[in-house]
Amino acid sequence: MTRRIPVPASPLVCTLLAACTALSVIGCSGEQVSGPADSGAAQATGGTSAAVVLSFHQVSSSHDNNHTCGVTSDNRAFCWGTNTGGLGDGVTYQSYTPVAVAGGLRFRQLSTGNGYTCGVTTDDRAYCWGNNLSGQLGDGTTNRRLTPTRVAGGLAFRHVSAALDHTCGLTRDDRAYCWGENNFGQLGDGTTTRHLRPVPVSGARTYRLVSAGFLHSCAVTVANKPFCWGSNEHGQLGDGSTVKKRLVPVPVADGRAYRQLSAGWDHTCAVTTDARGFCWGSGRQGQIGDGRTFRRDRPRAVSGRLAFARLSAGVFHTCGETTDRLAYCWGSNTYGGLGDGTETPRLRPVAVTGGLRFSQVSAGGFYTCGVSTDQAAYCWGNNFGGPLGDGTTTDRNAPVPVAAPQ
């Protein structure tokens, strides 16, 4: 049985820069972090409970490397990992296995941010919970919420995307809205004013999806044209310029038609209508996937000419599933976040080991999670705080199944 104990979340910068020593034992604050009551038993449970684990249709890995959430095939929401409110279960006890989000809501989609989570219910309502210092929960306050709280404004949403301290969403009428911190223009409303409630992204465009990154946001129009806004410090807007920030959407500078897009930490990746993968922005850890470690101000083709269904941009790595449902990752491989059985960084895509077929993958901080085609959730990489959900805090360089709720 896994002990659930109150513990402060590790600071974001400390986690992402791997500034801690003995990560599985000591938090960055220097406070003791207890692991499973019997790590060996918990590990065995993670392995033997595969037949009874929850059936998922979507998972979301957090860029702060602290918690993961998922939606089951019957639209229930579960979260696991470090808990400052982002697990949504009404308490602040961390859990190394899935816990049910409180409230009995039925969700279609979830997105994890930095210590918070947002989601869209089956009746198109947006809810958020967790940290809220910048108004990223969108409820008109800066109060932390331990259970789901409805986003203000009464908008009907298709999906939402949570980031560092801002959130974006797409409404049923294909309009993009954002809320929260706006110091780099990441809300796209033409200002740098923080907003505690959703505000429309500037322009009259209609979109098929929107994705919130660290300090920037991107979206794809219904005509398959990509636009980005916010910080461009590392070229993550892809507009071919060195302008530091954009307060309104600007077109990505390549003229290709894209059907899917993911904004990461300081890079962005997308899939064209003919299933080719492209990335732009910071490439210092190989996250662009073009075999180099250069900054790219315009989209660069991912090496290998793989046919992708979807890409997911994390912090220092990228993952995606191909049209034949194989998962590939590239970039930083600290703690095994690429899932290829090693901790060797890769400048080009490598296959996730194990022969699993995935319907969806989600790249986070130093870890990745995904849903297999038989609706089982798997995770791999850094497990400080328990975001892999296997009942342990052991790092994994290959996929392990998310355990059954305790």
Side-chain angles (χ1 to χ4, degrees), residues 16 18 59-63 65 68 260-272 274-296 299-373 376-383 387-388 390 394-402:
L16 293 178
V59 291
S60 178
S61 304
S62 62
H63 284 177
N65 217 76
T68 306
Q260 185 266 338
L261 178 148
S262 175
W265 192 256
D266 52 17
H267 76 293
T268 306
C269 291
V271 177
T272 63
D274 61 353
R276 296 185 63 196
F278 286 81
C279 296
W280 56 92
S282 174
R284 64 187 184 277
Q285 300 292 331
Q287 59 265 54
I288 301 299
D290 64 348
R292 303 294 184 91
T293 56
F294 300 154
R295 163 183 169 142
R296 302 298 190 184
R300 296 282 298 194
V302 175
S303 295
R305 297 192 66 83
L306 295 163
F308 285 102
R310 187 188 346 244
L311 293 179
S312 176
V315 174
F316 299 132
H317 75 293
T318 305
C319 292
E321 68 271 13
T322 61
T323 54
D324 59 356
R325 301 306 186 185
L326 295 176
Y328 286 81
C329 297
W330 55 93
S332 172
N333 201 15
T334 307
Y335 313 112
L338 303 189
D340 67 340
T342 78
E343 295 183 5
T344 303
R346 308 291 186 177
L347 303 185
R348 297 178 175 84
V350 291
V352 173
T353 192
L356 295 164
R357 302 259 174 185
F358 286 91
S359 60
Q360 182 241 341
V361 293
S362 176
F366 293 121
Y367 79 108
T368 307
C369 291
V371 177
S372 66
T373 52
Y378 291 83
C379 296
W380 54 93
N382 181 249
N383 203 19
L388 303 193
D390 68 341
T394 303
D395 297 342
R396 310 289 187 177
N397 60 21
V400 293
V402 172

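Along the sequence shown, residues are numbered consecutively beginning with 1.
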Seminar exercise, completed: Which of Asp390, Asn65, Thr394, Asp395 passes side chain to side chain donor-acceptor pair (under 3.5 Å) with Asn383? It is Asp390
Exercise. Hey, what do you get for OG1 (Thr272) to CZ (Phe308), rounding to the nearest 0.5 Å?
Worked result: 11.0 Å
Problem set entry | Intermediate values then yes/no, side-chain contact (heavy atoms from CB on, under 4.5 Å), Cys279 and Asp290 | CA-CA 8 Å; Cys279 296; Asp290 64 348; over 6 Å; no
For this session: State, with a plain yes or no, whether a side-chain heavy atom of Val352 is found less than 4.5 Å away from one of Cys329.
Result: yes
Seminar exercise, completed: Tightest non-hydrogen contact, residues Ser303 and Gly291, listed as OG-N, 3.9 Å
Problem set entry | Residue of the set Asp340, Thr344, Asn397 for which side chain to side chain donor-acceptor pair (under 3.5 Å) holds with Asn333 | Asp340
For this session: Report the distance from atom CZ of Phe366 to atom NE2 of His63, rounding to the nearest 0.5 Å.
Result: 12.0 Å
Exercise. Could you state the interatomic distance from CG (Asp266) to CZ (Arg284), rounded to the nearest 0.5 Å?
Worked result: 4.5 Å
Seminar exercise, completed: CG of Leu338 to OG1 of Thr368, rounded to nearest 0.5 Å, is 7.0 Å
Problem set entry | Expected output: side-chain Gln287 to main-chain Ser332 donor-acceptor under 3.5 Å | no
Problem set entry | Close side-chain approach of Arg276 to Val271, heavy-atom, < 4.5 Å | no
Problem set entry | Separation of Leu347 CG from Thr293 OG1 (nearest 0.5 Å) | 6.5 Å
Exercise. Residues in salt bridge (Lys or Arg N to Asp or Glu O under 4.0 Å) with Arg295, at least two apart?
Worked result: Asp297
Exercise. Is there a side-chain contact between Thr68 and Tyr367, using heavy atoms and a 4.5 Å cut-off?
Worked result: yes
Exercise. What are the two closest heavy atoms between Ala363 and Ser312, and how far apart are they?
Worked result: N-OG, 2.9 Å
Seminar exercise, completed: Heavy atoms of Leu311 and Cys269 approach each other most closely as CD1-CB, 3.9 Å
Exercise. Where do Leu356 and Arg325 land on the side-chain contact (heavy atoms from CB on, under 4.5 Å) test, with the steps shown first?
Worked result: CA-CA 8 Å; Leu356 295 164; Arg325 301 306 186 185; over 6 Å; no
Seminar exercise, completed: On a heavy-atom basis, the closest approach of Pro401 and Tyr378 is N-CD2, 3.6 Å
Exercise. Does a side-chain heavy-atom distance below 4.5 Å link Trp380 with Thr353?
Worked result: no
For this session: Take Val302 and Trp330 through the test side-chain contact (heavy atoms from CB on, under 4.5 Å) and record every step on the way to the result.
Result: CA-CA 10 Å; Val302 175; Trp330 55 93; 3.9 Å; yes
Exercise. In Å, rounded to the nearest 0.5 Å, how long is the span from CZ of Arg346 to CD of Gln285?
Worked result: 14.5 Å
Exercise. Between Ser372 and Ser359, which heavy-atom pair has the shortest distance, and what is it?
Worked result: O-OG, 3.8 Å
Problem set entry | Over all atoms of both residues, closest heavy-atom pair of Pro349 and Gly289 | CD-O, 4.0 Å
Problem set entry | Donor-acceptor pair, side chain of Ser362 and main chain of Ser61, under 3.5 angstrom | yes
